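Note that the coordinates shown come from a computational prediction; the quantities given were computed from them, not determined experimentally.
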Number of protein chains: 2
Amino acid sequence: MFSQSLAPNTTQPAVYLRAPGADRGEELDHGLARASLRKIAVGEHAFLEGAPRSYIFKVESGALALYRSLGDGRRQVLGFGFDGDLIGLGARKCHLVGAQALKPTTLRCLPVPQLKQMINANPGLAARLYEAISEELADAQDRFFNVSQRRAIERVAFFLQKLSHRNEARGADPRVILLPMSRADIGDYLGLTLETVSRTLSELRAKGYICLKESRVVQLRNLNALNELVDSASDDVE
Amino acid sequence: MFSQSLAPNTTQPAVYLRAPGADRGEELDHGLARASLRKIAVGEHAFLEGAPRSYIFKVESGALALYRSLGDGRRQVLGFGFDGDLIGLGARKCHLVGAQALKPTTLRCLPVPQLKQMINANPGLAARLYEAISEELADAQDRFFNVSQRRAIERVAFFLQKLSHRNEARGADPRVILLPMSRADIGDYLGLTLETVSRTLSELRAKGYICLKESRVVQLRNLNALNELVDSASDDVE
DNA sequence: AACTCATTTTCACAAATTGACACAATCTGT
DNA sequence: ACAGATTGTGTCAATTTGTGAAAATGAGTT
């Protein structure tokens with residue numbers, strides 16, 4: 001009845017489908033290095049929902065929100081694209097999500113026909129893309145069960161934890177989180193209103209878990225407490 | 001302010017990354033046809049959460065629930081595997097989800113090393129897997145925004161609509177839905193309690209949208225109303 | 001510096017949804 | 001036919017979050 005946490009979704013070697021000795025992405029990086037650069041301003045789109053998938057992108061700098069529009073004008077943010085991320089992946093002919101810049105952003109743009117060529121020349125690349133997208137899937141599933149049944153404070157804690165882990169993985173400080181997105185974006189991501197996000201952040205601050213000097217800079221003061229908040233699937237055993 | 005529904009996520013040709021003339025899955029099917037069959041009884045697992053990914057599976061008959069356990073013993077059902085589905089995909093070394101049979105189920109089991117061999121021999125296969133998993137991703141995103149912000153009745157309507165579409169895609173009657181899973185499973189899938197699922201189905205019946213002769217057989221009486229329920233992202237413009 | 005606009009924080013209030021518990025009814029399989 | 005599992009309903013409460021509004025903060029501009 002307790003959280004035994006059976007060695008969960010920490011990063012695992014993700015090489016299973018990749019043929020030994022095959023391309024490990026070097027060619028993709030190489031291709032991307034020569035791909036054209038594109039700069040987009042805040043509010044502009046890398047691609048719109050439903051637009052034909054002509055390119056895949058790698059975020060060089062900046063940040064984007066990946067979203068889908070709901071009927072009534074609201075939107076569901078499905079994720080964010082930060083520097084280093086590949087975005088625009090998928091097998092459909094058209095983008096299922098839109099990608100809008102949250103700050104000035106530069107992208108490497110690799111035309112899909114060229115990507116196809118590269119895949120033909122080096123089949124290992126397909127495995128690389130497969131990995132990238134299955135990570136996205138794992139991520140989506142993670143978010144799914146951290147949002148569908150949980151309260152605002154747990155959702156926000158999850159969000160912060162996620163960004164912290166990301167920092168960690170990239171050698172940045174896991175205790176300082178820079179938010180390129182607004183409270184509204186976070187709300188659309190977590191299924192909350194922006195007021196609730198704000199209120200919840202204040203609550204976390206009041207509890208001493210975080211520190212908010214500037215509204216877009218979060219310092220994690222008590223990482224353990226945050227993690228417990230995320231892990232506690234209502235074992236309110238206090 | 002209205003639902004313009006810009007030609008959304010209906011199925012699109014999903015051949016973009018696939019090299020022209022490449023394998024369209026025939027080899028995978030061929031390999032699977034020769035793969036060993038495995039029968040599992042209700043309640044047994046095709047694979048457990050966290051178990052090494054030794055095989056990928058194709059569901060020949062039956063149905064499975066794909067789930068992840070939460071800390072307190074509850075679980076989040078992330079999806080279901082029906083006949084024809086490939087399950088066990090992913091790039092991680094271990095399964096992130098468990099797969100438990102909801103009814104007697106038979107599976108084709110393709111060992112991953114063999115899959116790797118096949119991919120080496122026929123690189124187009126990787127593209128096939130890529131497609132399969134990006135469909136899963138699209139699916140997860142769909143579910144995500146149909147669950148995170150919405151009420152029980154909308155969630156249940158979404159669930160039924162989804163199964164109806166699946167039937168349609170496979171040539172079955174889109175108006176008759178056989179549920180291999182219990183109310184509890186549905187609840188775990190939609191982030192509701194089983195009581196709420198039951199109550200909500202009754203409500204849908206009371207409204208004349210559905211018909212429940214046997215508890216595991218749903219007849220959709222008013223498909224339009226159901227679709228509106230799903231689409232209506234609270235345009236309660238009434 | 002002053003002003004404007006956008007973002008964020010905070011407050012007060014309602015209230016609607018769903019979970020919880022309990023029990024009846026129904027179904028299933030042996 | 002019986003026992004156990006699953007499902008349907010009823011009542012109840014209460015917790016959470018949305019809503020609306022307004023103040024505070026911050027950024028950018030002239």
Looking at B:D142 and B:K162, does any basic side-chain N land under 4.0 Å from a carboxylate oxygen?
no

Angle by which the axis turns from one end of the helix from C:dA1-D:dT30 to C:dT30-D:dA1 to the other, five pairs per end, to 10 degrees
50°

Contact nearer the 5' end of DNA chain D, comparing B:L201 with A:T200
B:L201

With sequence neighbours excluded, residues passing side chain to side chain donor-acceptor pair (under 3.5 Å) with [X]:
X      : result
B:Y67  : B:H45
A:S182 : A:D185
B:K58  : none

If we only count heavy atoms from C-beta on, is the [X] to [Y] side-chain gap below 4.5 Å?
X      : Y      : value
A:K213 : A:Q219 : no
A:R150 : A:F158 : no
A:P174 : A:L220 : no

Extract, from 5' to 3' on DNA chain D, the first and final nucleotides lying under 4.0 angstrom from some heavy atom of chain A.
D:dT16 to D:dT19

For A:T193, the side-chain contact (heavy atoms from CB on, under 4.5 Å) test, sequence neighbours excluded, returns A:E195, A:T196

Less than 3.5 Å apart, which donor and acceptor atoms pair up between the side chains of residues 98-111 of chain B and the rest of the protein, not counting sequence neighbours?
from	atom 1	to	atom 2	distance (Å)
B:Q100	OE1	B:R75	NH1	3.2
B:Q100	NE2	B:G43	O	2.9
B:T105	OG1	B:A63	N	3.2
B:T105	OG1	B:A63	O	3.3
B:T105	OG1	B:K103	O	2.6
B:T106	OG1	B:S61	N	3.4
B:T106	OG1	B:S61	OG	2.9
B:R108	NH1	B:A33	O	3.4
B:R108	NH1	B:A35	O	2.9

Test: side chain to side chain donor-acceptor pair (under 3.5 Å). Region: residues 166-177 of chain A. Which pairs qualify, not counting sequence neighbours?
A:D83-A:R170, A:D85-A:R166

Per-nt protein contacts along nucleotides 12-19 of chain C (heavy atom under 4.0 Å; B base, S backbone sugar-phosphate only, - none) come out as B----SBB

Shortest non-hydrogen contact from A:S148 to B:V147?
CB-CG1, 3.6 Å

For A:L190 versus A:F159, what's the shortest heavy-atom pair and its separation?
CD1-CB, 4.0 Å

Determine, step by step, whether B:N227 and B:Q161 satisfy the side-chain hydrogen bond (donor to acceptor under 3.5 Å, both in side chains) criterion, reporting the C-alpha distance in whole Å, the side-chain angles of both residues, the deciding distance to 0.1 Å, and the verdict.
CA-CA 7 Å; B:N227 292 337; B:Q161 190 200 49; 2.9 Å; yes

Kindly state each residue pair satisfying ring pair (Phe, Tyr, Trp, His ring centres under 6.0 Å) with at least one member in residues 202-228 of chain B, sequence neighbours excluded.
none

Check: protein-nucleotides 22-24 of chain C nitrogen or oxygen pairs below 3.5 Å:
none

Can you name the atoms? Protein N/O to nucleotides 4-8 of chain C N/O, anything below 3.5 Å, with the distance.
from	atom 1	to	atom 2	distance (Å)
C:dT8	OP1	A:R216	NE	2.7
C:dT8	OP1	A:R216	NH2	3.2
C:dT8	OP2	A:R183	N	3.2

Ring centers of B:F47, B:F57 separated by less than 6.0 Å
yes

